[in-house]
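Down below is the structure, laid out as structure tokens.
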Amino acid sequence: IGLGIPAEPLFRSRDPNDSTSWAGVKSEIQETVSRWVSGVKLNNIEVLASEDGIKIYVRIDYSVKQGNSSYNNSIAVEL
């Protein structure tokens, strides 16, 4: 995630009968942000753990549109 720490996804569908999937949660977050934060679109959300499993990170890739221009960026934070 650009922090120099190899990471692996924390959320994977473990139970095929689970009605709440990571894809569903991610989609709901993306829709809510686009509805309430004008000009911002979340392109991707990843929750990752460090190789030793001690640290958890969230990385968000997003786009911001202002007038005729837009730019892409990302942010990663340790939880």
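Just so you know, these numbers come straight off a predicted model, no measurement behind them.
Linking ILVMFWY side-chain heavy atoms closer than 4.5 Å, directly or via other members, places I54 and Y57 in two distinct hydrophobic clusters. V77 is connected to L42 through a chain of hydrophobic side-chain contacts under 4.5 Å among Ile, Leu, Val, Met, Phe, Trp and Tyr, so both are in one cluster.
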Pairs under 3.5 angstrom only: tabulate donor-acceptor contacts from the side chains of residues 66-74 to other protein residues two or more places apart or in another chain.
residue	atom	partner	partner atom	Å
S69	OG	Q66	O	3.2
N72	OD1	S63	OG	2.5

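The neighbour count for K26 NZ, taken as heavy atoms of other residues, nucleotides or ligands under 6.0 Å away, is above 12.
Atom CD of residue E78 and atom NZ of residue K55 lie 5.0 Å apart, to the nearest 0.5 angstrom.
Counting heavy atoms from C-beta on, the side chains of D61 and R59 come closer than 4.5 Å. The shortest side-chain heavy-atom distance between I45 and Q30 falls under the 4.5 Å cut-off. Annotation: side chain of N44 is not in contact with side chain of I60 (no heavy-atom distance under 4.5 Å).
Counted by atom type alone, T32 and E28 present zero donor-acceptor pairs between their side chains at under 3.5 Å.
Applying the side chain to side chain donor-acceptor pair (under 3.5 Å) rule to D52 yields the partners S50; only residues at least two apart in sequence or on another chain are considered.
Between N43 and Y62, the closest heavy-atom pair is ND2-C, 3.4 Å.
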